[in-house]
Amino acid sequence: MSYSPRIPVPDRRTVLRGSLAASAALALPAGLAAAPAQALSGRPRADWGVQAGDITTSSGIVWARSDRPARMTVETSATESFRRARSWHGPLLGSGTDFTGTTALHGLPAGEQIHYRVTLSDPDDPRRTSEPVLGTFRTAPAHRRDGVRFLWSGDIAGQGWGINPDIGGYTVYDEMRRLDPDFFLCSGDNIYADGIILPSVTLPDGRVWRNVTTVEKSKVAETLDEYRGNFRYNLLDRNLRQFNAQVPSIIQWDDHEVRNNWYPGQILDDVRYAEKNVDVLAARSMRAFREYFPISTLRPDRPGGRVHRVVHHGPLLDVFVLDMRTYRDANSPGRQSDDTTGIMGAEQLAWLKRELSRSRATWKVIAADMPLGLVVPDGATDFEAVAQGDPGAPLGRELQIAELLRYIKHRRITGTLWLTADVHHTSAQHYVPERAAFKDFAPFWEFVSGPLAAGAFQASQLDATFGPDRVFVAAPAVANASPLENPPYYGEVEIDGESGELTVRLRAQGGTVLFTQVLQPGRVGQ
């Protein structure tokens, strides 16, 4: 999105001074402050924590990062004592993947708490091993009666609001961890590669927001190492590392992993960038992205792969993770009457229709990195998301969404709902054909949450093409409200194993439930 934070451009020496002070306040482990080449004595270390991702009834992926070349080993067990542990031999972590790696786990028992520990060993002396790093996750249930509960949000370290040691860092992650969800869906903007982090920012009321800072966050990211540094930045936060060790993730990306409002083929006129070709920047970011998250369709040591995928979470839930960034056409006024590329690309749209029709899950969550009926401008004339402010018949990217909604209706695909973040406020929209210019679809809901740790913004305008009614919204009255001025938002989805009912709760940090909506299973639209 096109947001202008209230921050000046820093000088790099100022950033480094602020980094030392703020890092000391958070008491970061020594391994997090040293680059791998500077920390080669003793045993390997895994101070960046562990993550698990894309958990199914029988499989999952575990991630770790070393401080030097090391062999990754994962042990899994049904108990914290690790009796009868099963060992999984992982990859050699080296400089080619920024010392990160993932290990795929298969043949796990369904619906069980899995305890795991990661050990790193010196490839030249296997007796020299790291302290084990512990994590846990629940596999998806094999039986409907067990139910499912997960959280979602997005938008982390944006608009200059980074890890603030004065408030304990990203404390919203500690609150979410205590809810003990089955998994967390991050709807994109995991980083703000185009946003700098200053040591301090003065708020309108005179209070001072302080940030942990790093060299990589002192300028916009352009090189591979700068993108890697942006992904490492959030892992400096203890709350996030503890959250990752307990709550597995489903990760997607959006624009700020590369640059605000980017699209394939774009040539930048931004003076902050020496590299003007967005495709070059996107390739570098994607390499770092796949190095820093456990994603079933991406591997740190292999080029290629894709973000869009289906994560099957037992009989109650399939999560359809979209990539509305990589395959889109150029941002434009969106008035064209023929648009086969749209926001997903023709191949991804065909994939999504095919996978939706194959799904036998009670609920089909379409995890979008951008909203459908909320107007997101890109400059004075162009638009960034699907809607373009014209309330009439579908045009531009709306044509692709109309095709998908028509397909869902005519194939009588039940239990669809859309979850997203991106717009830095939280809301619930109900789409019905009676209010719409395009009427050949069944009613559905779209829920928006976020930001987790970024500036909050006013509510977006609605586009009437698909007939949205904004049933609820929570947003600040001013642009770029800091997390001290507006609480972080996240959403919760709970599916009851007995009735199959799905309940959505829009939450604000502090334990407040802002809005609740209950949906019934087995319906094409509701």
Side-chain angles (χ1 to χ4, degrees), residues 54-57 140 144 148 150 152 183 185 187-188 250-253 295-297 306-328 339-373 385-386 394 397-420 429-433 436 438-448 465-468 493 495 500-502 504 519-526:
D54 287 9
I55 304 299
T56 70
T57 54
R144 172 185 169 127
V148 178
F150 69 93
W152 95 93
F183 64 89
L185 167 64
S187 301
I250 297 176
I251 301 290
Q252 63 191 135
W253 78 339
I295 297 174
S296 58
T297 51
R306 66 175 196 241
V307 174
H308 64 280
R309 62 201 187 277
V310 185
V311 180
H312 302 289
H313 201 85
L316 285 172
L317 176 65
D318 281 345
V319 181
F320 298 83
V321 182
L322 302 189
D323 181 354
M324 303 171 84
R325 187 59 52 181
T326 304
Y327 311 103
R328 63 164 55 197
D339 188 351
T340 56
T341 300
I343 199 164
M344 289 186 283
E347 289 187 12
Q348 185 179 186
L349 175 61
W351 163 86
L352 178 57
K353 291 195 292 187
R354 181 173 65 250
E355 294 299 329
L356 282 169
S357 65
R358 289 175 176 174
S359 174
R360 296 298 176 264
T362 305
W363 292 100
K364 302 160 187 68
V365 164
I366 302 175
D369 43 298
M370 301 212 74
L372 298 185
V386 175
R397 293 171 178 160
E398 294 172 336
L399 292 164
Q400 195 174 63
I401 301 304
E403 181 181 345
L404 174 62
L405 297 178
R406 181 189 296 114
Y407 181 88
I408 291 171
K409 174 188 172 183
H410 288 267
R411 287 297 183 102
R412 299 193 60 78
I413 296 171
T414 63
T416 61
L417 69 151
W418 295 69
L419 301 182
T420 190
Q429 287 79 235
H430 190 214
Y431 293 77
V432 296
F438 173 77
K439 298 182 181 299
D440 194 10
F441 71 96
F444 67 96
W445 284 85
E446 174 186 53
F447 300 96
V448 180
T465 296
F466 300 116
V493 175
I495 306 174
E501 283 186 345
L502 183 146
V504 178
L519 305 179
Q520 300 300 320
R523 298 185 182 179
V524 175
Q526 61 184 305

So [Y] and [X], do their side chains get closer than 4.5 Å, heavy atoms only?
| X | Y | result |
| --- | --- | --- |
| K353 | R411 | no |
| Q252 | L185 | yes |
| H308 | L352 | no |
| Q400 | V386 | no |
| V319 | W152 | no |
| F183 | I55 | no |
| W351 | L322 | yes |
| D54 | I250 | yes |

### Message
Can you classify the ring geometry of W418 versus F444 as parallel (below 30°), tilted (30 to 60°) or perpendicular (above 60°)?
### Response
tilted
### Parallel, tilted or perpendicular: ring planes of F466 versus F441, cut at 30 and 60 degrees
perpendicular
Could you tell me whether a side-chain N or O of [X] sits under 3.5 Å from a main-chain N or O of [Y], the two making a donor and an acceptor?
| X | Y | value |
| --- | --- | --- |
| T57 | G314 | no |
| H430 | Q526 | yes |
| Y407 | L356 | no |
| W363 | G500 | yes |
| R412 | H410 | no |
| K409 | A442 | no |

### Query
Which residue, V311, V321, L317, forms the side chain to side chain contact (heavy atoms under 4.5 Å, CB included) with V365?
L317
### Message
Between D323 and R306, does any NZ, NE, NH1 or NH2 come within less than 4.0 Å of an OD or OE carboxylate oxygen?
### Response
no
### Query
Do E355 and R358 meet the salt-bridge criterion of a basic N to acidic O distance under 4.0 Å?
yes
### Message
For Q520, is the CD atom crowded, meaning more than 12 foreign heavy atoms sit under 6.0 Å from it?
### Response
yes
